[in-house]
Every structure is written in C-alpha cells, then in structure tokens.
Amino acid sequence: MTENGQTIRSLVRAAITLAAAAAVYEAAARSGYFAPALLPTLPIIAHTLFAMLADGSIIEHAAFTLYRVMFGFSLAVVVGLPLGILMARYRRIEHFCLPLVSALMPIPSFALVPLFMLWFGIGNLTTILIVFYAATFPMLFNTWSGVRSVNPIWLRAAGAMGADENSLFWKVIIPGASPFIITGMRQAFLRAWIAVVGAEMIAASDWGLGWVIFDAKEFLNTDIMLASLVVIGGIGFVFERVVFGSLERATVLRWGMTRTAKG
Amino acid sequence: MLPIEIRDVTLTYDTPGGKVPGVKDVSFNIDASEFLCIVGPSGCGKSTLLNMIAGFLAPASGEIRIGGKAVTGHGMDRGVVFQDFAQLFPWRTALGNVSFGLEMKGVPKQERETIAREQLRLVKLEKFTGSFPHHLSGGMQQRVAIARALAYNPAVLLMDEPFAALDALTRDEMQRLLAEVWRETRKTVIYVTHNVAEAVYLADRVVVMTPHPGTVKAVIKIPLPRPRDPLSVEFVECQKELLRYLGHDANPSETEKSAVNGKLKSGA
Ligand SMILES: Nc1ncnc2c1ncn2[C@@H]1O[C@H](COP(=O)(O)OP(=O)(O)OP(=O)(O)O)[C@@H](O)[C@H]1O
Ligand SMILES: [Mg+2]
C-alpha cells in the first residue's frame, strides 16, 4: 500500500468519528431541551463560520494565533532539545537543572498569565512567552528520557568506528532518541496550542482565536464561539495528524523504531 | 595484520553488592592473521576480555598490546561485532550502516558507497543495500554488522558470539561465510563462543577458559586443513578434546572440581 493511500484512509477513519460526534451534538441541539441561543445548530455554526471565512476575519485571527504558537514552540524546541540532551549526557547539568525543572513544570502556564501581563504588557510578547513556557517542559523532559534510553551498544559501535563527540551527537544520539524527541514535539505543540488560546483570552487585545471567543461572550454569540472552537480544533488536528503524523512516518515508523498498532 | 599480546590481565567489577571478579591473570598471544576462538562456560569473562581488547574496558592490572602498542581505548585498528542484533543503527540502511566507519574517517561519499557495496557483496547482501535493519532477518543483520566492522579495514576483527542467537541452519551458513571472508581478508580475528563445534570449525587455535572467575585453562591448536568437514572423524576428535577441557566429560587428568562436574553430568 502507498504512503498516500494510508494517509487518505486514516483521514477517512477520522472523518467517520467526527461525523458521529457531530450527529450527537446536532441531536442535542434540536432536542428542545436547550435554549437555541446557547446551543446553536450545526447549520447556524457553519453559516457563521463561512461568513467569518468569507470576510477573512477568522483567517487573520488564526494567523495571529499560529504565529504566536509557532514562535513560542520553536523557541521551546531550540531551548528544550539541547538542554534535554545536555542533561542526559552530563551529570552536573542534570543535577543543576532537574530541581528547577521539577519545580517549574507543575505550574500551569495559565496561572502565569496575569504575572506575565504585568511584566511584559498585553500583546504578542506575553502570549509567546506563555506558549514557550508551556511547550518547553514536555520537549525537555522527553528529550532527556530519550537520550538516556539510547541503546548503549549504538554508542559503543559508533565509538569503535571512530565517531568523535560531535558525530556521536548528531549521527547517533539524536536519531537514537528520535522516537522520544518526536513525542516531545507532539506534546509540546499540544501544550502550546492549549496555552495560546488561554493566554489570548486575557493577554491579547483585538487579535487571536482566544480573544475572539472571549470577546463573543459579551454579546452571547455562541455561534461565533463554537465556530472558533471548530477552527481551533481543526488546526490542532491538522498539526497532530498531518504534520507530526508525516514526520513520524518519514522517520521512526520507517526505521521500525516505533510501530503502528496492529489489527 | 597485527599480532596481539595479552599479559596477566585482571579486571574486577565494582558493583553495589561488592567486588565481582571479571577475569583473572589471563595471558596468551595471537599471531597476525590468526583466527583465535575463546570458549568457556557462561559468566567466565569472555565478553569482559573482548571488551578490554576492544578498549571499552581498562584492565585493573596487566597489559594488552596490539601490534606492539599498548591498548588505551577503542581505535580504528579494531572492528567489533557484538552478539546483539540491535547493534545496527535502525535509522540507517544497510549501506548507511556499513558506510558509517568510512564516514567517520572522512572518506568521500562516492568512494565510501563503492566500498560499502563491495563489503555487502562479500557477505552476500548486495540485493539489500537499501533496506533498513528492521526489514532484515537476524542472520542478515549480523552479516551487515560484519560488513560494517570490515568496511573501514581494521587489522583486527573482534566478535562476541555473533551467531549465538541464530537458528542452527543459518548459523552453519554464517560460519561458512565467515571462514570465507577471513580467507579473503586475512584479518586477525578473535571470536568468542561457547559453541565447541563452531570453535573447531573456525579457529586456528582455541583458548579454553575456566569457570568464573575466568583464567586460561588451555590453548589448543586445531590442526585440521580447511575447508573443514564437521562430519569427519578428526573434526569430532577435536570437539571431544575441547569438551574434555571444558569439563563436560570425566577425565582423570582434570582437577577434582571438574571431575565432580563430569560425574554429575554422566549421572544425570
Ligand atoms: N557490568 C558488569 N558489572 C558487574 N559485573 C559484571 C559486569 N559484566 C560482567 N560481570 C561479571 O563478570 C563475569 C564475567 O562476565 P562476562 O560477561 O565477561 O561473561 P561471559 O563469559 O561473556 O558470559 P556469557 O557466555 O554468558 O556471555 C560474570 O560473572 C559477571 O558476574
Ligand atoms: Mg558474553
């Protein structure tokens, strides 16, 4: 079977699940138990969504959100990946960083939003830093575990073949830890995506999907809220399944380092 | 190809539970281009010894010299094949794995691909150059590992039970292949095994080790001409002799301990 065929089939399977969930929602919305203003039907949501797409407003909001996410997420990878590797390779760095990581990691990023607002004001900087905070720890932690679980026989074999520290790093440790690193990226992106919407609700003015939802509350525009949620879910889905899914298929699945579920 | 001297080598492992001897006072020599097998019961220190020759472990006392130079760490004069199939890099194709050592040496891409292809041909895997290790069978993976260890042309090849996890049929085939590769390349080979027939099939000489903590019990010459026939009378005689030294058979000249072992075995 071709790679493309597999992608299409997995998307079809996903569509079936989503269609079932939509049917349940629609049934609830039409049941008459809920006020239509609070639970608009799917055609109304779809109509609002198309209107927002047609005038380009939702696309602009989404672009702002994506920009913040990608910026914060990239920073998290740039910091979390090397630091995770260093922590796993050097005892002293691990001893120094681990208590800090353990203390900071459990703090919900959302709880930092008010503080960051006071420090950095309202707008891009605060939201990007919140995203960075949320995404760094999963990246760091997974990389650290991944490097520690690199099969020592690979290091020995590479050493016997004359690999220096630099080649060991790029040609053995990083690919050897790649299943964990990709998991780290996935989790980091997910956390980033969750964090950005929360941060935008309070700390972003006028732009971003989080702000749209929060703003719609003022006028009881549940259709706008739900339409924005569809966009948030949709973009998250595309990244999770298409971007990270392809990355996984091109690397660890191809190399047999991670297997797909059978049957 | 380089000769190897091993002089009074001792190694003790420090574990949380105290000191565990690895090997004790081991001495023997290997000639250039010789095929030497090390046999001994499980846990006697064969892998420990090989890891010291490879330079992954440093002896607590004694000395190992390769071509007259004392071993201080791993080096490209030695190629290593481990017992574990997982030694190949899963993220590289067979060709990529075999090229690795040449890449580290700074050989240009074109040239290293040519050499790697040639090595894979030597182990009869020329059709699988583009395959990733997880698509190869265990025996094929071990053949890639041998090609990988040979590719950067080390003078010495160290092998730690490379075929132990293979089925008997594949193992026979691999032994034939290895004997052929050795004949073509004339490397100095140290080959660890606990399979007596394998040792007799491959070796010029066999070092027999005592049970834990391992020392050298005997060094036995295998005088048979090559290629060897495992079904010939002489072959079986050599096997019997080795087994006697390993204490699998009652023998009046053996130490008391192994004589008891022998009795227990024949009584069972
Ligand atoms: N990493 C280690 N830490 C502590 N003790 C060890 C370690 N590796 C080996 N030993 C001890 O050293 C002894 C020799 O081990 P070694 O692995 O060299 O045996 P071996 O002859 O290769 O056995 P086998 O045929 O089962 O592979 C063993 O008795 C073991 O208890
Ligand atoms: Mg061993």
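Order of the sequence lines fixes the chain letters, A, B, ..., with proteins taken first and strands second; residue numbering starts at 1 for each chain. All figures in this text were calculated on a predicted structure; none of them were measured in a lab. Just so it is clear, the values below take in all heavy atoms, side chains as well, and ignore hydrogens, waters and symmetry mates.
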Next on the checklist: A quick test of your reading: do over 12 heavy atoms of other residues, nucleotides or ligands sit less than 6.0 Å from CZ of Arg191(A)?
Outcome noted: no
Checklist entry - So which part of Val172(A) gets closer than 4.5 Å to some heavy atom of chain B, the side chain, the backbone, both or neither? => result both
Checklist entry - Looking only at atom types and distance, does a side-chain atom of Trp255(A) sit under 3.5 Å from a main-chain N or O of Phe89(B), one as donor and one as acceptor? => result no
Checklist entry - Quick one: does Arg92(B)'s side chain get under 4.5 Å of Lys171(A)'s, heavy atoms only? => result yes
Checklist entry - Looking at Ala86(B) and Asn151(A), what are the two nearest heavy atoms and their distance? => result CB-ND2, 3.6 Å
Item to check | chain A contact via Ala54(B) - side chain, backbone, both or neither, heavy atoms under 4.5 Å | outcome: neither
Checklist entry - Once you round to the nearest 0.5 Å, how far does CD of Gln87(B) lie from CZ of Arg156(A)? => result 12.0 Å
Checklist outcome for this item: Ranking Pro175(A), Gly162(A), Ala163(A), Ser167(A) by heavy-atom pairs under 4.5 Å to chain B gives rank one to Pro175(A)
Checklist entry - Got more than 12 heavy atoms from elsewhere within 6.0 Å of CZ, Arg254(A)? => result no
Item to check | NZ/Lys69(B): more than 12 non-hydrogen atoms of other groups inside 6.0 Å | outcome: no
Next on the checklist: Any heavy-atom pair between the side chains of Arg148(B) and Met161(A) that's under 4.5 Å?
Outcome noted: yes
Checklist outcome for this item: Of Phe100(B), Phe56(B), Trp91(B), Phe82(B), the largest count of non-hydrogen pairs under 4.5 angstrom with chain A goes to Trp91(B)
Next on the checklist: Taking atom CZ as the centre, does Phe96(A) end up with more than 12 heavy-atom neighbours from other residues, nucleotides or ligands that are less than 6.0 angstrom away?
Outcome noted: no
Item to check | Heavy-atom closest pair, residues His74(B) and Gly159(A) | outcome: ND1-O, 3.0 Å
Checklist entry - chain A heavy atoms under 4.5 Å from Leu88(B): which part of the residue, side chain, backbone, both or neither? => result backbone
Next on the checklist: If you count every heavy atom of other residues, nucleotides or ligands that lies below 6.0 Å from Phe132(B) atom CZ, does the total exceed 12?
Outcome noted: yes
Next on the checklist: For a quick test of reading the model, state the closest non-hydrogen atom pair linking Tyr152(B) to Ala160(A) and the distance between them.
Outcome noted: OH-O, 3.4 Å
